[in-house]
2 protein chains.
Amino acid sequence: MDTDYAPEGTPADRRRQKVRDSILAAAERVFAREGESGLSIRRLADEIDYSPSAIYKYFGSKEELLEELKDAFFKRLLIQVDRVSAALTTFDERARTCVTTYVETAIERPHHYAAAFSSVAAEDDPAERVPVSWEDFIQSRKGRAFKILVDMVEEGQANGTFDASLSPVVAAKSVWAASHGLALLLIHIPKFAGMQPCGGNLSREAFVAFHADIIMRGLSAPGRLSAPLERMEQSND
Amino acid sequence: MDTDYAPEGTPADRRRQKVRDSILAAAERVFAREGESGLSIRRLADEIDYSPSAIYKYFGSKEELLEELKDAFFKRLLIQVDRVSAALTTFDERARTCVTTYVETAIERPHHYAAAFSSVAAEDDPAERVPVSWEDFIQSRKGRAFKILVDMVEEGQANGTFDASLSPVVAAKSVWAASHGLALLLIHIPKFAGMQPCGGNLSREAFVAFHADIIMRGLSAPGRLSAPLERMEQSND
DNA sequence: ATATCTTGTGAACACTGTTCACTTTGTGAA
DNA sequence: TTCACAAAGTGAACAGTGTTCACAAGATAT
């Protein structure tokens with residue numbers, strides 16, 4: 001029975017939520033710094049002064065707990081990209097910022113982003129055999145993030161910036177793949193952007209911007225090559 | 001004295017090498033199918049009828065053993081890309097094949113490729129503070145693979161296909177990031193290529209080819225947009 | 001106050017990578 | 001051949017890991 005006169009469930013419920021949150025907070029703290037290898041149930045229990053088995057009263061498994069961390073991170077990533085790109089006026093700026101914000105936010109929490117894409121799907125997994133329906137995908141967190149890209153491509157096609165003959169969804173996948181790759185390379189090789197012969201050097205931000213430009217050029221309509229590439233070529237040190 | 005690459009060292013040496021190879025072979029077999037989570041020293045020992053501790057007479061650690069697997073895979077990847085792209089005559093074909101072969105070879109052994117890029121570099125790692133010198137990088141396996149891309153970009157610039165104002169190294173990084181991202185997305189989401197609304201569907205190969213085209217377009221010289229994009233748009237089912 | 005459901009616990013299970021004292025085996029020299 | 005020394009191989013143990021479970025303490029509802 002639910003005699004909930006309180007703003008949020010019964011006192012017991014709120015108490016429970018508090019403990020749950022403290023577990024998540026501790027997990028987030030450790031995971032952000034040391035990743036999955038540093039996050040053990042026993043250490044987590046130590047940190048919040050509970051016994052290891054107590055955690056299983058709040059989370060079914062370590063996997064489940066991690067899933068919640070990653071989901072929260074992706075929610076943040078989604079909001080960030082949405083917010084930043086919505087604030088800009090010109091389409092070119094908005095499109096580029098879509099990519100740069102995605103990458104910058106991703107590498108802000110390298111362990112989160114890498115872990116979100118660490119599992120290798122087995123091709124004989126029965127769950128993998130059933131084709132994911134588009135409707136289901138677009139409902140998920142990653143799906144909604146992807147939708148932003150599709151909309152962006154469609155807008156670019158409508159205003160003549162992008163090649164109208166491209167399938168928006170396919171083009172968006174390409175953009176995602178390119179952004180994803182840069183994020184993960186920067187996470188795996190932090191010096192990736194700066195590494196260069198001849199003493200030439202590019203800051204990380206400059207390289208991300210460059211990459212975004214290259215991506216946009218790849219989608220651009222024939223005979224409509226914007227030339228903003230040069231502006232970041234001279235940022236050496 | 002060591003008889004260098006002689007067909008046989010001492011009999012003991014060859015015996016040792018045989019056992020070492022059998023360990024590596026068993027490790028490869030298990031790792032290719034189940035990845036790092038399925039590969040335990042004890043299981044490996046079982047598989048080759050040795051005790052777990054025996055393995056440490058041949059490899060310093062599990063990490064070291066894995067490193068050898070990954071290195072062998074990257075060697076294969078390197079050879080594959082080199083061989084396939086060298087066999088083609090026109091530059092356009094060669095450049096595209098560079099990317100497609102990289103991606104296809106990578107996802108052929110998803111666990112190997114993913115594991116090779118799974119570690120998250122800590123920004124406070126002292127080894128990370130020292131900037132990797134270009135000379136050292138180009139000597140490593142990844143470096144040599146990267147060099148192929150740089151050469152490819154330079155060739156494209158020389159023959160007028162690519163924008164000559166781009167730094168070859170920076171452009172190559174962009175190409176690598178884009179290819180890397182596609183490979184990992186396909187590994188993580190096998191249905192990635194086919195997922196689409198409106199019943200439209202692209203085979204994995206077709207999508208990889210499309211992505212390669214987009215990348216090439218991103219680097220292409222102003223006013224020189226090749227239009228090979230359309231040919232793969234109609235491969236639905 | 002009693003019965004019930006929730007929280008929390010410590011011990012245990014089945015794993016993991018790794019080390020180490022130990023025995024067995026192979027090899028090169030006297 | 002015999003002896004000695006190094007290499008190969010072993011089982012037990014250490015310090016971890018995620019997870020389960022019987023059980024005790026606490027809060028809640030009747």
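A, B, ... follow the sequence lines: proteins, then strands. Residue 1 opens every chain.
Atom NZ in K18(B) sits roughly 18 Å away from atom C1' in dG9(D) (whole-Å rounding). The CZ-P distance, from R15(A) to dT6(C), rounds to 13 Å in whole Å. Taking atom CG of L65(A) as the reference point, atom P of dT17(D) lies 15 Å away to the nearest angstrom. Look at CD on Q17(A): it is 16 Å from P on dT6(C), rounded to the nearest Å.
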Revision key, fill the gap. Quick tally for nucleotides 7-17 of chain C: nucleotides whose base has a protein heavy atom under 4.0 Å get B, sugar-phosphate-only ones S, the rest -, giving BBBB-B---BB
Would you tabulate the side-chain donor-acceptor contacts of residues 169-180 of chain A under 3.5 Å, counting partners in other chains and residues two or more places apart, or write 'none'?
unit_1, atom_1, unit_2, atom_2, d
K173(A), NZ, F192(B), O, 2.8
K173(A), NZ, A193(B), O, 2.8
K173(A), NZ, M195(B), O, 2.5
S174(A), OG, H211(B), ND1, 2.5
W176(A), NE1, Y102(A), OH, 2.9
S179(A), OG, V175(A), O, 2.8
H180(A), ND1, Y113(A), OH, 2.7

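With a cut-off of 3.5 Å on both pairing distances, the Watson-Crick or G-U wobble partner of dA30(C) is dT1(D).
Salt bridge E63(B)/K70(B): absent, no basic N to carboxylate O contact under 4.0 Å. Of the charged side-chain nitrogens involved, at least one lies within less than 4.0 Å of a carboxylate oxygen, so that R109(B) and E28(B) count as a salt-bridged pair.
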**Study point:** Chi angles and distances behind the side-chain hydrogen bond (donor to acceptor under 3.5 Å, both in side chains) call for E34(B), H111(B)
**Key:** CA-CA 8 Å; E34(B) 308 180 36; H111(B) 290 109; over 6 Å; no
Check your understanding: Would K147(B) and D151(B) satisfy salt bridge (charged side-chain N to carboxylate O under 4.0 Å, His left out), going step by step from the backbone distance to the final call?
Key -> CA-CA 6 Å; K147(B) 184 67 165 47; D151(B) 292 345; 3.1 Å; yes
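Stacking of K142(B) on the aromatic ring of F117(B) is recorded, both the 6.0 Å distance cut-off and the 45° axial limit being met.
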